[in-house]
Structures are given as structure tokens and as C-alpha cells.
Amino acid sequence: MAQIIKAIRGTRDLLPAETALWNRVERTAREVFARYNFGEIRTPVLEATELFARGVGEETDIVSKEMFTWEDRARAASEKPQSLTLRPENTAGVVRAYIEHKLHDTGQLQKLYYIGPQFRRERPQKGRYRQFFQIGAEVIGPASSGSESPLRDAEVLEMLAALLDKLGIPRASAANEYKGWRLLLNSVGSSTDRPRYVAALREALAPVKDRMCPDNQRRADTNPLRVLDSKDEADQAIIDALPRIADYLDDASKQHFADVLATLDACGVPYTVNPRLVRGLDYYTRTTFEFTVDLGLGTQNALLGGGRYDGLSEMLGGPRAPGIGFAIGEDRLILTLLALAEAKAADEGEPAPAKIDAYIAPLSPAQNAAALALARILRGAGLQVEVGDGTFRLKKSFDAADRVARHIVILGEDEVTQQQATVKAFASGEQRKVEFHTLASTLRA
RNA sequence: GCGGCUAUAGUUCAGGGGUUAGAACGCGGGUCUGUGGCACCCGAUGUCGAGGGUUCAAAUCCCUCUAGCCGCCCCA
């Protein structure tokens with residue numbers, strides 16, 4: 001026998017039992033985003049490698065070692081091959097599209113959302129896949145459209161809180177032993193604040209880094225900001241004594257952050273300011289945030305992340321266009337919802353699976369044609385209908401029907417000639433004959 | 001990319017050198033010819049993740065690979 005072919009490492013198939021939940025999550029996200037006046041954007045899965053090198057940052061882990069990149073052959077001898085990359089995130093692509101389609105010329109604020117697969121070549125783990133799905137949104141536009149306003153930051157965060165609430169994920173609180181979602185917020189400063197802070201951090205780390213763990217020694221050189229969210233217990237005392245970003249923000253950034261917090265307070269969105277929160281992508285400025293959840297994710301507890309990127313458009317050759325956005329790890333969101341459902345099932349028992357309206361059981365192959373014709377009419381009326389096969393014994397049809405449907409519609413020789421179906425409702429056990437032309441309304445009940 | 005654990009039926013798992021690999025649930029059939037769910041009786045489950053090695057003999061021991069999970073790294 002030939003060797004079977006399997007899904008490649010870090011990718012997976014989602015079967016109908018799972019896609020039902022994925023569709024519910026996506027439908028809910030679309031509904032919530034629409035209320036906030038976001039429109040959907042779909043950008044290519046494939047982009048020029050250059051986009052991510054410039055947008056996300058050459059030195060980041062994502063770009064330096066986690067991208068699926070290859071040389072696409074040149075079409076002509078005179079042409080150079082082009083380096084292509086499977087997108088590792090979607091913000092760079094959205095901003096590229098914003099520039100390419102001159103959306104800035106509308107002068108309007110653009111509110112865009114996307115849902116789609118992203119690709120990173122990491123070692124797979126629970127909640128971490130090589131093809132994973134993100135639900136994200138971006139608010140971007142010329143400064144004159146209000147894109148820089150702290151109101152936008154707060155609106156995006158409030159929208160996320162609304163989405164998680166609507167999906168039924170509880171807020172972390174004393175009442176539920178802090179199981180639930182939690183918003184962590186920080187400001188990493190403007191494009192001038194940050195370099196000043198990083199310089200100060202390097203200076204403070206220089207005399208103490210030898211006493212830190214090897215990982216932190218490496219970070220101290222390559223990416224000092226990452227030292228801040230180190231989990232190494234022994235290094236915490238040193239980290240606590242390091243300079244804080246808040247002390248390096250200029251007045252405008254300080255005021256901006258204070259306004260974001262005040263607006264969140266006014267909207268009743270709970271948050272925790274975490275001065276150590278840093279993000280792994282270079283384009284972030286000012287407000288950065290992360291929603292964590294301690295349900296079903298294990299060590300990958302970041303459910304979503306995002307922040308402001310006031311300089312990204314210019315880095316990609318576009319006009320000045322401040323923006324803010326986020327990306328939800330859809331796979332992680334699903335894991336969280338599954339963990340919640342499991343906890344609920346343990347408390348209240350398994351919920352009954354959703355059933356379709358009817359299962360049509362022809363008694364012999366002679367009724368097969370009539371069965372499918374009847375199904376066509378019922379389906380046309382909007383009912384969910386499955387059709388059995390006349391080779392089944394009635395007993396088997398009952399078994400098959402009870403699994404998927406609320407009613408069994410029995411179709412024998414008599415039923416076809418009389419144009420009446422025998423209908424039995426599984427819940428009540430009640431059985432009667434129903435004229436074909438009133439069948440749809442009977443089954444709907 | 002680093003370290004650890006794991007891989008047996010559709011599923012959850014037993015079996016840890018000795019004929020033909022097991023249980024439960026699930027699945028197919030029958031008792032029961034147009035009335036299921038219960039009960040009883042049959043039955044099929046399978047390259048024991050893949051490849052190689054040790055051995056008279058390997059699901060079992062060893063090596064390599066692959067995949068999953070846990071921790072790190074990183075991030076969503």
C-alpha cells in the first residue's frame with residue numbers, strides 16, 4: 001500500500017465538529033466589528049519578504065527565524081527572482097494595502113478588520129501552530145482624521161472587551177478566582193521616547209547583566225526590552241531596579257496614555273497597567289496591550305495582542321498615518337471556549353447536540369426518487385433535511401434519524417400514492433400522517 | 001531553535017521479549033419482514049507512528065526519523 005500523506009507539522013484539519021464553533025466565533029466577531037463601523041479587508045497570504053523586513057523589523061524573531069520564505073523564479077532572464085513570504089501577521093499587509101490603494105486620500109479614518117491564516121515556522125505546541133488564524137482589526141488614517149486620538153485606543157479596547165463578553169468569556173475577578181480575561185496595558189512611548197529609553201536600559205544593564213541568567217544576558221545585548229518580561233525568578237530583583245519606561249515618556253505621550261486610561265475608566269473596562277509589557281514587533285509605539293486568559297491555554301496565555309503603530313506607514317514608504325490595531329489568536333480563543341464548555345459540561349452535563357428538522361426514510365428503493373423530491377421541497381422551504389436510503393431497514397432508519405434529526409418522515413408505497421407522509425416527532429413520540437403540502441409547517445413546529 | 005514526556009482498534013486505554021495483540025465505549029449484523037432507543041447473541045476492528053538494528057523470537061530492548069504534548073525561547 002502506498003504511504004499515506006499527512007498534514008504537515010504544525011498544520012491541522014478542522015472537521016465539522018470543530019468548525020461549528022469557529023463559525024460561531026467568526027460570526028460574533030463580524031457582528032461586533034460591524035457595530036463599531038469596521039469593514040472587512042482581505043489581503044493576500046503571500047507578500048514580498050521586504051514588507052515584513054521593513055514593517056515588522058529585520059531583527060525580530062519573527063522575521064529573522066520564523067518566516068516561510070522562498071525565492072520565486074524570475075519570469076524572464078532579465079528579471080531578478082523575487083523573495084516571497086507567507087505572511088506571519090496581517091498588520092503590515094493591511095498598511096501596505098492602505099498605502100497602495102491611496103486610502104489616505106479619502107482623508108477618512110479607515111476601520112478595517114480581517115480574519116485569516118498566518119504562518120510562522122515555530123515549534124508547535126498547544127495554542128501554537130505553524131498555520132494559525134488571527135482575527136484582527138486596524139484603525140488608521142491621516143492625523144487629521146483623528147487616528148491619533150486616545151479615544152481610538154480606548155474604543156478598540158472597549159470593543160475587544162465587548163467581544164469577549166459576548167463570547168461568554170468571563171472577566172477575571174475575585175468572584176471567579178481570577179479565572180477569565182485580563183487586559184494588560186502599557187505605553188512604550190513615541191518613536192523618539194523609545195530609543196532614549198532603550199539607551200538608558202542598556203546603560204543600566206551593563207554593570208548587572210553578568211549576574212543574570214544566560215537568556216537575559218543575550219537579551220541585554222540584542223533586545224533589552226525583552227529583559228523586562230523575563231520569567232526568571234532569580235533575576236526579578238535586578239529587573240525591578242531597572243529604569244521604567246514611564247519615566248522616559250515625553251509630555252505628549254504621557255498625556256496620551258493618561259487619556260486612554262481615563263476613557264477606559266469611563267467605559268467600565270477593567271485593566272492593569274504593566275510597565276514591563278513589551279511587544280515583539282518593532283512597529284509598536286505608545287499604547288501596547290495584551291489580553292491574557294488562564295483557561296485552557298497552558299503556557300501560551302496571551303489571547304490577543306496589539307498596540308499603536310504611528311510610524312509604520314512611513315516605514316513602508318507611505319504618508320504619515322498613525323494607527324492602532326490588534327490580533328486575536330483565533331486558535332487560542334477556540335481553546336479557551338472549549339475549556340469553558342468543558343467546565344460547564346462538568347457542572348451541568350453535556351448539552352444536547354443541535355439537530356436538523358427532519359430525516360426522510362424511504363421504505364424501499366422504489367421510494368428513493370419520491371424521497372429526494374420531497375426533500376427538495378422541504379429544503380426549498382428553508383428546512384434542514386437529510387434523506388435516507390430505501391435499502392435501509394426501518395429500524396436502521398430510525399436509528400440514523402434519531403441521531404441527526406428531530407423528526408422522522410416515513411415514506412412507503414401508501415404514503416406516496418396518498419401524498420401523505422408518516423411523521424414521528426422524537427421528543428414527544430407522537431406519530432401522525434401529514435399531507436405533503438402542509439409538511440413544511442408541521443416540521444417547523 | 002533547545003530540553004523532557006508520549007505514540008497499540010474510530011475513541012479512551014491495558015499488555016514492558018515467547019504461538020493467532022486485548023477491554024470498554026463506539027461501529028456492523030441478528031433475535032425483531034412498516035416503528036428505533038432497552039436487553040441478549042454474533043461479527044469486524046489494527047502495517048502496535050515510520051524505518052533500521054539486537055535476538056532463535058520484538059508491540060515489548062536499542063538507534064534514527066516523524067508527529068503530538070509539557071517546559072524554555074518567542075508570540076497570537
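Below, chains carry the letters A, B, ... as their sequence lines are ordered, and counting in each starts from 1. The figures here come from the full heavy-atom set of this structure, side chains too, leaving out hydrogens, waters and symmetry mates.
- Of the candidates B:U35, B:U31, B:C70, the closest approach to any side-chain atom of A:Arg393 belongs to B:U31.
- Projected onto RNA chain B by closest heavy-atom contact, A:Leu411 and A:Ala302 fall at different nucleotides, the more 5' of which corresponds to A:Leu411.
- Residue contacts shown for A:Leu281 are limited to sugar-phosphate atoms, with no base heavy atom under 4.0 Å away.
- Side-chain contact, A:Ser191 with A:Thr285: no donor N or O sits under 3.5 Å from an acceptor N or O.
- Residue A:Tyr129 is classed as a base contact, given a heavy-atom separation below 4.0 Å to a base.
- Among the heavy atoms of the strands lying under 4.0 Å from A:Gly127 is at least one base atom, whether or not backbone atoms are also near.
- Only A:Thr422, A:Lys424, A:Phe426, A:Gln431, listed by number, bring a heavy atom of residues 422-445 of chain A to less than 4.0 angstrom from any atom of RNA chain B.
- Using a 4.0 Å heavy-atom criterion, one finds that A:Arg403 contacts the sugar-phosphate atoms exclusively.
- One finds no side-chain N or O of A:Lys395 lying less than 4.0 angstrom from the OP1 or OP2 phosphate oxygen of B:G29.
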Extract from the structure each pairing of a protein N or O with an N or O of nucleotides 6-12 of chain B at less than 3.5 Å, listing the distance.
none

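- At a threshold of 4.0 angstrom between heavy atoms, the contacts of A:Gln125 include nucleobase atoms, whether or not backbone atoms are also involved.
- In this structure, B:G26 shows a glycosidic angle more than 90 degrees from zero, which is the anti conformation.
- No N or O donor and acceptor, one from the side chain of A:Arg218 and one from the base of B:C73, sit under 3.5 Å apart.
- Contact check, A:Arg279 against B:A76: a side-chain N or O comes under 4.0 Å of OP1 or OP2.
- Taking only distance into account, the side chain of A:Gln367 never meets the base of B:G34 through a donor-acceptor pair shorter than 3.5 Å.
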For RNA chain B, the dot-bracket pattern of Watson-Crick and G-U pairs whose distances stay under 3.5 Å, | for other-strand partners: (((((((..((((....[...)))).(((((.......))))).....(((((..]....))))))))))))....
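- Taking the P atoms as reference points, B:A7 lies 14 Å from B:G16, given to the whole Å.
- Between A:Arg123 and B:G3, a side-chain N or O to OP1/OP2 separation shorter than 4.0 Å is absent.
- Here A:Phe132 packs flat against the base of B:A76; its ring centre is closer than 5.5 angstrom to the base's six-membered ring, tilted by less than 30 degrees.
- In the interface, the side chain of A:Arg128 is paired with the base of B:C73 through a donor and an acceptor atom under 3.5 Å apart.
- On the C1' atoms, B:G1 is 42 Å away from B:G26, given to the nearest whole Å.
- For an aromatic pair to be called close, the ring centres must be under 6.0 Å apart, and A:Tyr113 with A:Phe33 satisfies this.
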From CA spacing to verdict: salt bridge (Lys or Arg N to Asp or Glu O under 4.0 Å), A:Arg432, A:Glu430: CA-CA 7 Å; A:Arg432 59 195 166 113; A:Glu430 184 197 350; 3.6 Å; yes
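- Checked against B:A76, B:G68, B:G28, the side chain of A:Glu122 finds its nearest nucleotide in B:A76.
- For B:A9 and B:G46, the P atoms lie 10 Å apart once the distance is rounded to whole Å.
- Contacts of A:Ile328 with the nucleic acid, taken as non-hydrogen atoms under 4.0 Å apart, are absent.
- Of all nucleotides listed (B:G4, B:G37, B:A67), B:A67 comes nearest to the side chain of A:Arg9.
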